[in-house]
Each structure stands twice: as C-alpha cells, then as structure tokens.
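Below: the structure, in structure tokens.
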Amino acid sequence: MLDPTLANGVITPASEGINWVPIKPATNGAFYSAIAQILIRDNTFDAVAMACPTQKAAEAAGYGGYTNATYLVITDENHPNYRKLMRAADAGLEEPPADPAATTQPTYYVVIDAATGAPALHTDAAKGDLFFEGEVNGVKVRTGFSMLRDSVNERTIDEYAEITGIPASEIERMGKEFGSHGYKVSVQAAAASTASVVGFDTPAGRELLKAMMGSNQMTGGSFPSGQSPVTEGKGACYDLTTIAGLPNVSAKNAAMISRGGKAWEKTDEYKNRVAAGEKDPKPMLPWYTNAPQSDAQAIMSIVNQYPYQCKILMTWMCNVIQATPGAMRDEAIEKLKDTSVLPLHIVCDIVVGEMAQYADYIVPDVTQYESFGLPTVSMIGGFGTTIRWEAKAPETAKTEDGRPICWETFLIDVAKACELPGWGENAIPDVNGQMHPFNDAYDYYLKGVANLAYAVEPVEDITPEEAHMQGLDELGDNWKKAVTAEEWPKVLKVLSRGGRYWPMDYKRGADGRFKGLKAKETYVYNEKRALMTNPYSGKRLSPTLNYNPQMFADLSLMTDHYSAEEYPFLCSEHKPKFRSVTMLANSPIMRDICAHNYMEINTEDAAELGIKDGDIIRAITPRGDVTEGEAMVRDGQVKGAFSIEFGYEHLAYGAQDVEIDGKLVKGDPAIAAGTRIHMMLDPVVAEHGGMGIIADTDASSPGRCGGMFKIEKA
C-alpha cells in the first residue's frame, strides 16, 4: 500500500516492514505525478484495465472498475466544444434510441475502438485506444490518457524530488514497487492530506493510481470500505429519505452561501452586472464551480455578507473558526458579533467553544453516551452498521412533555413551529405507504434500527431472558412506540449486539472482486475541471493529474507575490489522540498527558537557525501573522516544514474569565496552553474588497497545510 504522509508523518518507523517517507506539505500532486510517470515509463500500469470504457467492459475483462482514459478530448481551439470530451454528435455517430421510461438519458462519448481502429461510442467498445491522437470527423482530438502522459512528464523525477523533499532514488523505488504487484496494491490518503491550498491533488492522484493498476473493487487491491445496508434511507421497513412537500431548492435555482457548485458567470450577480454595462465583473469572494458545501467558506461569506447576508446561523457541534486557519482573527470575530452582519446565531453543543461563545443562544446537547447514531462500519470490505444508543439517560433539562433538550429536540420543535414538511404527525412513510409521526429522536433512530434489523434477512427476535439480562426490558414507552410490536423484539436484538455485521466474505466474490459490483469510474480526464475558468484571471487548472504549486484565488503562484527565500517554510497540522476540535481540552486528565503542544521542526533546519529544544520560536507569514510556541527539534519532521498538533491554544472552553449576571467565573489558563497555526489571508481576495482565507482553488477546502513562513527565535 502506498501511503504518502504529511510533514509530521503518520506511519511509525518502528513498525515491521514499514518505511516512513517524509514529504513536504502541499506537494502530494508532485509525488503522485512522479509515480504515474514511472508506471507509464516502465509500462507497469495495467493497460487493459485503463482501456475499459464502461463498467460492463471492465467486468467482462475481470476488473471491478473502469476509466475514461480512452475517451477522446476535443483539442481544436476553434471548435465550440473545445476541451470537452467528444460526444456522438461531434463525431457524426448515431446514438441509440432514447429510453422513454428513463428519467435521465445517458451521454455517449467517443473512443477509438481498439479492435477496429475506428471511432465508436464508448458503450460499443470492449476496449479503447489509450494513445490515439489525430482527427475524427475533421475534428482534432486526443485521448485523456495521452494528455495525462504529457502532464505527469512536465517535470523530471529529480524535479519532483526537489519539490517533495523525497530523494529521487526513493521515488523510483516506490514507483517500481507499486507497479510490481498487479491489482493487489492500493493508495490510502485522506483527511488532513486534502486540507491544503492544493488539496484536490490528493484525491485526484489517489484515485488515478488505483485505477492505473486496476485495483478498484478488487480483493487485495482497493476494496470498498464502510459498506452497509440502508438504515437512514429507503430501508427494509421505513423510508427516512423521502419528504412529501419538500421544497425544490438546488444549485440550479439557488446559491449555497459557501459559493460552491456554481460557476461565477452563472450567478445572478454576474448576469445583472453585465446587463448593467459592467465589463468583465469580478466577485468579492471566489466562486467554486465544482466544490461541495464548505463550512469554512460559509463563515467567510457570513462575515463578508457575500453573496448575500446570512440572517440566521445555526451550528451544531461545529467549531468552524477554530478549525479554519486564518478565520479566527479579530476582524472576523467582530463581524460575527455584529448583529447588523449576523442578526441571529444559534449554537447547539455540549461545551462553549470558540464558535459558541459568540452565539446569541446556546442550546445544550447530549454527549455520545446519551445519544443515538448509525455509523457505517469502517473495516475494509466489511458490511454492517454499528448502533450508538443511549447508554445512560440524558442529563440535560427536559421539555414539558419529558423529552431531553438536545439537537434533535430543538430541530423537531422549530420545524413543527414553522410547519415544515417531514416533521410532526404523518411524517415518515413505511414500505406499505402508511405514515408515522416524527416527534422525537426515538421516532427517527429506532426506525433506522428497524431497517437494519430487517436488512437482507431479518434477525431473530430477542429472547425475554436476554432482554432482561441486558436491562432492555426496562426501556420506556418512548422507545417502543417508535416501531411496531412485531419489529420491537428484532430492534432489541440489534441493540443488544451494538449493531449488525455480516461475514467478511459477504461482499467478497470468489473471483477476487467486490460482490455486487457498482459502477466505479475514474476520471483520467476531468471535464468539469477542464471547463472551469477562474473568476478573477480566467485561467484554468489542469484537467489531468500534475503538480499544482500553491496558488492564491486568481491562480497566481504564492511565490509570485512573496519571496520563497525569505519565507521558505511550509506547515502542517496533525491530530493527537488526546485532543480534538470540540472536546478534551477541558479534560484535566487529557491535559496532564501533554500540557501543551509544540512547534515541531527538523533537526537540520533547527541547527541552521540556531534553535534547540525548548526555545520559544515564531513562524511568521508574509502578511505578518504569527504562530508562536515551544520548539521540539526532531528527525521525524520533514526538512523545510514545521508541524503542530491540532486542538490547542483555545480561547474558550473555560479558558477565559466569564461574567454572567454579575458573577465572575474564573477561567483556567491551562486550557489555553499551546499554539495553533495562524495562516495569512488571501491578498488577491483583499484586492477585490473581501476577507478570504487561502484555500484550494478547486475544492474550496481551507489551507491548513502549506503556506509560506519564516521561522525565528522569539
């Protein structure tokens, strides 16, 4: 398994058979490109798997997934569909008749059929030509794979080594090793490795390398994880998804406040400004055509009152400003406190954190030991669901009708007061079309447990003896009323086991593939990215994998604005086991394990700067933001970067003095100990009148890793 790590390292060097290979933060794209280059150069990638243009073709060839590597891309700059994947009409090919019963019709792309050498619909070819470059129907085209080959070869292995900090010999070793096991290889990279200024490169490279070896949905390769029966959707007993009368709101007729999922030129603001005579208008904050929802971007929209004002903000177990480098600064906080900017802010949490302390109302919540949850199992290739349920009665105050005050109770009562669909009486349909109430958390979660109990084949009823032995016969009427009398003993059976789990071979086929294959396509050529234009500069990002240096909002390089010689250091964050975003800082036991975190710096870097263990040092951005803390000098930190454990330097959670109704409650300075990364804001956004964090220019994720810093003694 190939596991490129962050600057701090997530693999223990002492583990048998494991090598820790440090990599500089925000350079994963370079590393993945180097490995892809080696696979193509040495012809050790699986050309058959890459050439399968459909799921049907892939399965017929013995694989679990397919790619668009052989799809043709229009490269004629004068063609109206330039940069798009070629469609049947572009090639002069006839499409099959439309299915009148289908709600959506398929898109037919064009490949060069490897068997005939002629253009064909991708659905008609068992295998496409990976390397074709030429003309089809008089239009210049080439395959996405040929474009990938060019993009990953834009730099040499030595240049990739310089970028990543990984020796060229080590990159060569990993590339050859990765390509030597057929489909029985995988790539694991997520979480913090995606939270950089160029974070999109991580999932893009991860998925590409898996596809290049044909490992998707293959035993011993990249087997699916977290598979589960339907619990909170259209399950075996209840439909917890469909809501009668749900408003038709989507990115097509509305805009997310985080500015994702819509191109700038498709917004009403852009159209109105053009109609008013403005030429080439620019937005205050960036728009992210392909990005999902983002809490970090939502906060920046709220403080900027752009693209519209947020009238009511509700946050649950969410400490956005603490988790977003660059957001927790005085000017942002003052905006959150200003009722003319944010009229109403409601928080539901079990602690008063950095975000919660600025709320107008705080609704108390229950802990994980007092609440329900239906998390999917995480084991690779596993199938099942874990049940979290009230191990103890909630200790929060209760409503007049006896329900514990918590997030679910708050949502239900507000929804009913506003007469929203999907709440109250006749809210939840069962499989027979009968409607059931949704008046408390039990009404929802226990129906999810019933779906699990009846999934695939129903579980046995719990025996009265076992129910009594576990105290399940003492559960109150609010539990029993949520399901039918027939379902109740089976629900108790699942609760008694803490969930439901199937044998590992349930999803492992005899042929080495995932049983019950689902269509698994990997984009070698990302058409959405190819067509996306930057709202400030009009530039575009590469539609195939390559290394993207750190950029600001207009795709200009950070190093075009600031000196890399003066600010040579990168940063990264990692999560210790005894700290988190929302809790544990207020636990004396956890604080005793490690009273504060450190600014971890490489031994060679420390020697050059005259820094030793225990020195107080500062990391300073080009815009003057300062991260200050105690130095920890160690070899287990990549050269050229520093790292910080996340979850320290709290401003709330009991760290500060609080006065309530004239009574002063003294804070505990121990909760505020340590440091956190203070990242600069994006200067390009500032030029357009906004206050914006540096972020991935495609996925919009906050730049927790990367940046530009100089380090000095305090």
Side-chain angles (χ1 to χ4, degrees), residues 6-8 24-27 192 195-199 285-286 296-297 299-300 303 321-333 354 548-574 597-602 605-606 608-609 611 615-631 637-646 648-649 651 674-688 690-697 700-714:
L6 292 176
N8 57 288
K24 291 181 180 179
T27 65
S196 77
V197 184
V198 285
L285 299 178
Q297 292 296 340
I299 285 296
M300 301 318 296
V303 300
I321 57 175
Q322 172 77 4
T324 306
M328 194 190 294
R329 51 207 319 124
D330 291 343
E331 55 266 49
I333 290 172
E354 281 72 22
N548 293 296
Q550 294 189 97
M551 296 171 282
F552 287 127
D554 62 351
L555 303 188
S556 61
L557 302 184
M558 284 189 181
T559 51
D560 290 343
H561 294 255
Y562 305 114
S563 167
E565 287 73 28
E566 186 178 358
Y567 299 94
F569 285 92
L570 300 155
C571 74
S572 71
E573 290 183 325
H574 57 285
N597 59 354
Y598 298 84
M599 294 179 64
E600 301 172 33
I601 184 171
N602 177 269
D605 288 332
E608 292 176 7
L609 295 170
I611 293 170
D615 285 346
I616 303 301
I617 61 174
R618 294 191 184 105
I620 306 170
T621 73
R623 294 174 69 82
D625 303 280
V626 179
T627 302
E628 182 173 301
E630 183 177 333
Q637 166 63 38
V638 71
K639 193 175 188 299
F642 70 95
S643 183
I644 290 177
E645 289 182 331
F646 186 77
Y648 289 85
E649 198 187 7
L651 303 182
T675 189
R676 55 185 161 80
I677 290 175
H678 295 254
M679 191 74 78
M680 63 179 163
L681 294 177
D682 193 315
V684 172
V685 176
E687 291 173 6
H688 294 276
M691 176 170 48
I693 58 173
I694 58 172
D696 185 291
T697 53
S700 81
S701 51
R704 294 193 184 102
C705 304
M708 297 182 72
F709 298 86
K710 63 180 177 181
I711 295 178
E712 60 186 33
K713 285 187 177 181

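The two residues Asn548 and Met551 have their closest heavy-atom pair at CB-CE, 3.9 Å. The two atoms that bring Tyr648 and Gly674 nearest to each other are CB-CA, 4.1 Å, heavy atoms only. Nearest heavy atoms, Ala327 versus Ala332: O-CB, 3.2 Å. Taking both residues in full, the closest heavy atoms of Leu570 and Phe709 are given as C-CD1, 4.4 Å, listed atom of the first, atom of the second, then distance. Looking at every heavy atom in both residues, Asp696 comes nearest to Gly199 through OD2-N, 2.7 Å. The two residues Ile693 and Pro702 make their nearest non-hydrogen contact at CD1-CB, 3.8 Å.
Ala714 meets the side chain to side chain contact (heavy atoms under 4.5 Å, CB included) test with Ile616, Arg618, Glu628; sequence neighbours excluded.
A donor-acceptor pair is defined here as one N or O able to donate and one able to accept, closer than 3.5 Å; no such pair exists between the side chain of Thr697 and the backbone of Ala553. Between the side chain of Arg329 and the backbone N or O of His678 there is no donor-acceptor pair closer than 3.5 Å. For Gln637 (side chain) and Ile601 (main-chain N/O), no donor-acceptor pair under 3.5 Å exists by modelled atom type. At distances below 3.5 Å, at least one donor-acceptor pair connects side-chain atoms of Asn597 with backbone N or O atoms of Thr675. Under the 3.5 Å distance criterion, the side-chain polar atoms of Asp682 are left unmatched by any main-chain donor or acceptor of Gly692. In terms of modelled atom types and a separation under 3.5 Å, the side chain of Glu649 and the main chain of Arg676 share a donor-acceptor contact.
Met679 has its side chain out of reach of Val197: every pair of non-hydrogen atoms, C-beta onward, lies at least 4.5 Å apart. Taking the side chain as every heavy atom from C-beta outward, Ile711 and Ile611 approach each other to under 4.5 Å. Contact annotation: the side chain of Met680 approaches that of Tyr562 to within less than 4.5 Å [non-hydrogen atoms, C-beta and beyond]. Between Ser556 and Val684 there is a side-chain heavy-atom pair separated by less than 4.5 Å. Side-chain contact between Pro286 and Val685 is present, with at least one heavy-atom pair separated by less than 4.5 Å. The shortest distance between side-chain heavy atoms of Ile644 and Met599 falls below 4.5 Å.
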Before you tell me yes or no, could you show the steps for Gln550 and Ile694 under side chain to side chain contact (heavy atoms under 4.5 Å, CB included), namely the whole-Å CA-CA distance, both residues' side-chain angles and the distance that decides it to 0.1 Å? CA-CA 10 Å; Gln550 294 189 97; Ile694 58 172; 5.6 Å; no
Check the pair Phe642, Ile617 against side chain to side chain contact (heavy atoms under 4.5 Å, CB included), reporting the backbone distance first and the verdict last. CA-CA 11 Å; Phe642 70 95; Ile617 61 174; over 6 Å; no
Determine, stepwise, if the pair Ile299 / Thr324 fulfils side chain to side chain contact (heavy atoms under 4.5 Å, CB included). CA-CA 9 Å; Ile299 285 296; Thr324 306; over 6 Å; no
Intermediate values then yes/no, side chain to side chain contact (heavy atoms under 4.5 Å, CB included), Met691 and Leu681: CA-CA 7 Å; Met691 176 170 48; Leu681 294 177; 3.5 Å; yes
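Put simply, CD on Glu608 and CG on Asn602 are 8.5 Å apart, with the number rounded to the nearest 0.5 Å. For the atom pair Gln297 CD and Leu285 CG, the distance stands at 7.5 Å (nearest 0.5 Å).
At most 12 heavy atoms of other shown residues, nucleotides or ligands fall within 6.0 angstrom of atom CG in Asp330.
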